[in-house]
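Below you'll find the structure, written out as structure tokens, and then a few comments.
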Amino acid sequence: MKPCGYSVFQHLIPFGRCEETGKTPYIKYAGSFVYLDITDMMLIPPYRKMWLFTAGNMMEELKLSVEYVVKREEFTKQKGNMLGVLKAILMVWIIVLPRLIWNLIFCLRPEDTSEHYLNFIEDRILKAKSKIMSCDDKYKRVVIAKNALSTLLFEILLNWAPKLMSGIISFGLMRKLIEPSPTSEQDLNALMRGLPGNVTTEMDLEIGDLADVARTEPQVSAWLQNGKDLTLHGLSLLPKTDSLRFRDALSHFLDKYGSRGNAEIDISRPRWRDNPAAILHAISGNLTNTDAGHHREHHQRLVKEGEEAGKRLVALAPWYKRPILRRLVRNGRGYGAIREHHKFLMIRLMGELRKAILNVAQSHVDSKHLNSVEDIWMLHLDEIVALPSMTEDELQALVCDRKEHFQMHSKLKPPRVLTSEGECVNVMPNSKDIPDGALGGLGTSSGIVEGVVNVILDPHSTVLHSGEILVTRCTDPGWTPLFINAAGLVMEVGGYLTHGSVVSREYGIPAVSCIADATSVLKTGMRVRVDGTRGYVEILQEGSTDERN
């Protein structure tokens with residue numbers, strides 16, 4: 001992550017902030033990678049146990065690596081800021097607990113949560129835009145946008161966290177109340193499918209709608225399926241009269257989702273508004289499904305599967321448990337749908353900050369103080385605001401030095417855990433009960449599928465065809481459009497609650513994470529079996545890229 005991205009995170013985390021700078025001490029920068037310092041938290045036994053449990057659900061190798069360090073005697077003997085951490089934890093629970101209980105038991109319509117929160121997001125963005133645009137000073141606009149982002153986590157604690165926690169707790173209670181069986185386990189997994197109002201799912205459906213629009217304009221469809229120059233420039237070369245509907249639909253989509261992108265939590269990374277190649281590639285892959293409306297029909301099937309699974313879970317329970325289970329099912333589906341809403345709000349606010357920063361950058365490119373607008377990302381936020389007091393020579397020297405270090409660090413592979421002494425810790429989970437020669441990992445979405453591998457490292461440059469197995473290092477919401485076409489998912493990094501795993505369960509496709517060096521061992525064109533139930537990937541045929549056609 002470039003220095004500006006690191007600086008944004010220093011202001012984003014609300015705990016332990018310095019009153020003078022507004023920065024948290026818990027965000028660290030090492031080798032151009034951003035780390036969260038959890039030392040003080042791990043010194044508190046109850047919190048350490050809870051954190052390790054959560055980390056195990058999100059990323060198994062992270063949990064094992066942290067556990068490896070915190071079990072050491074020299075670690076437990078440390079004296080950290082335990083009092084400060086306990087105060088922060090107490091403050092969070094004072095805020096969250098009453099709202100959690102309300103949402104868990106008393107909220108009349110959990111099903112309306114997504115719509116309510118989307119309205120909150122639109123209102124929050126509108127107010128932030130209005131405040132930023134009311135200021136004529138481009139440097140003060142950066143400060144206003146930064147301040148809007150720095151209060152975000154408190155708003156999330158107030159509005160989002162209690163609802164999502166209610167959904168998670170509801171799923172946990174269902175598992176305790178329901179008699180364990182293969183059927184009940186399948187229904188619990190199916191309950192997460194087709195969640196109503198999930199912002200990422202709605203985005204994917206709109207990408208499918210774009211493909212349907214492209215089908216009505218032959219020149220657009222041919223251009224997309226050709227796969228060459230899938231950029232705004234490439235679209236501009238098509239005759240306007242033959243591409244008008246698609247242009248309008250794409251413009252509307254980018255107005256709504258243009259702040260998103262690959263690795264979108266890094267403010268320096270391009271957004272779809274800047275380069276919608278990832279969307280155009282997803283549409284290209286979607287066109288291999290010849291039926292218009294296929295994506296909507298598939299989603300409706302998932303919605304029905306989720307709703308029917310909830311009904312079966314209630315019906316199979318003893319009569320005295322049914323009212324409780326009925327409430328828990330409503331909580332799980334209603335609150336589970338807002339899983340990505342807080343991220344959507346954060347990315348959109350970050351998009352406003354990005355616009356303000358790029359406006360400053362352009363003015364310094366025009367005055368020849370910067371060689372490129374991209375150089376602005378080598379500066380911290382406070383340095384961007386202080387640019388008027390910096391000479392051209394000072395600015396050029398600072399940018400040049402940081403670019404050199406960043407390029408050197410970009411060749412490194414960061415460890416999951418890094419100690420203060422510089423020790424790199426990577427502990428991988430053991431794989432058991434898998435076929436000989438199979439690649440063992442962690443099954444995060446049940447089911448078995450066979451298909452052709454497509455190794456993708458950058459969603460902006462590769463088309464994933466319908467029915468292929470997506471193999472990558474990890475995913476974030478910027479990758480979600482690829483799930484429209486994926487038959488299965490294989491990741492090097494992840495756990496039960498990481499993005500790719502959750503989306504795979506929502507889409508009903510098998511997924512396996514924690515496959516070491518998956519993007520190197522598996523090659524595009526190989527035919528594999530992905531077993532998301534037992535957690536392994538088996539190579540069936542070496543194959544070649546020709547087999548994908």
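Here, residue 1 is the first one in the sequence, and each next residue gets the next number. For the numbers below, each heavy atom of this structure counts, side chains included, while hydrogens, waters and symmetry mates do not.
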R416 side chain reached by C424 side chain, heavy atoms, under 4.5 Å: no
Residues that T472 engages under side chain to side chain donor-acceptor pair (under 3.5 Å), provided they are two or more places apart: none
Residues which pass side chain to side chain donor-acceptor pair (under 3.5 Å) with K146, listed by chain and number, not counting sequence neighbours: none
Under 3.5 Å side-chain donor-acceptor pair for S445 and S504: no
Modelled atom types, side-chain donor and acceptor of D393 and T391, under 3.5 Å: no
Nearest heavy-atom neighbours spanning Y6 and M1: N-SD, 3.6 Å
side-chain contact (heavy atoms from CB on, under 4.5 Å) involving K140 - partner list, sequence neighbours excluded: C135, D137
Side chains of Q78 and T39, donor plus acceptor under 3.5 Å: no
Face-on cation placement of R124 at F120 ring, 6.0 Å and 45° thresholds: no
K2 charged N/C atom sitting above F406 aromatic ring, 6.0 Å / 45°: yes
Under 3.5 Å side-chain donor-acceptor pair for N198 and E202: no
Partners meeting side-chain contact (heavy atoms from CB on, under 4.5 Å) with K23 (sequence neighbours left out): Q10, H11, T21, D382
Pair S7, H380: side-chain N/O donor-acceptor within cut-off below 3.5 Å: no
Heavy-atom pair of closest approach, residues L43 and F75: CD2-O, 3.4 Å
Aromatic F53 / basic R48 pairing, under 6.0 angstrom, 45° off normal: no
Euclidean distance, E264 CD relative to M350 CE, rounded to 0.5 Å: 8.5 Å
L149 side chain reached by M346 side chain, heavy atoms, under 4.5 Å: yes
S32: which of H405, Q407, H409 passes side-chain hydrogen bond (donor to acceptor under 3.5 Å, both in side chains): H409
Nearest atoms (heavy-atom pairs only) where G494 meets L442: O-CD2, 4.3 Å
Salt bridge (charged side-chain N to carboxylate O under 4.0 Å, His left out) involving D123 - partner list, sequence neighbours excluded: K127
Side chain to side chain donor-acceptor pair (under 3.5 Å) partners of S410, counting only residues at least two apart: none
Polar contact flag, side-chain donor to acceptor under 3.5 angstrom, H499-T480: yes
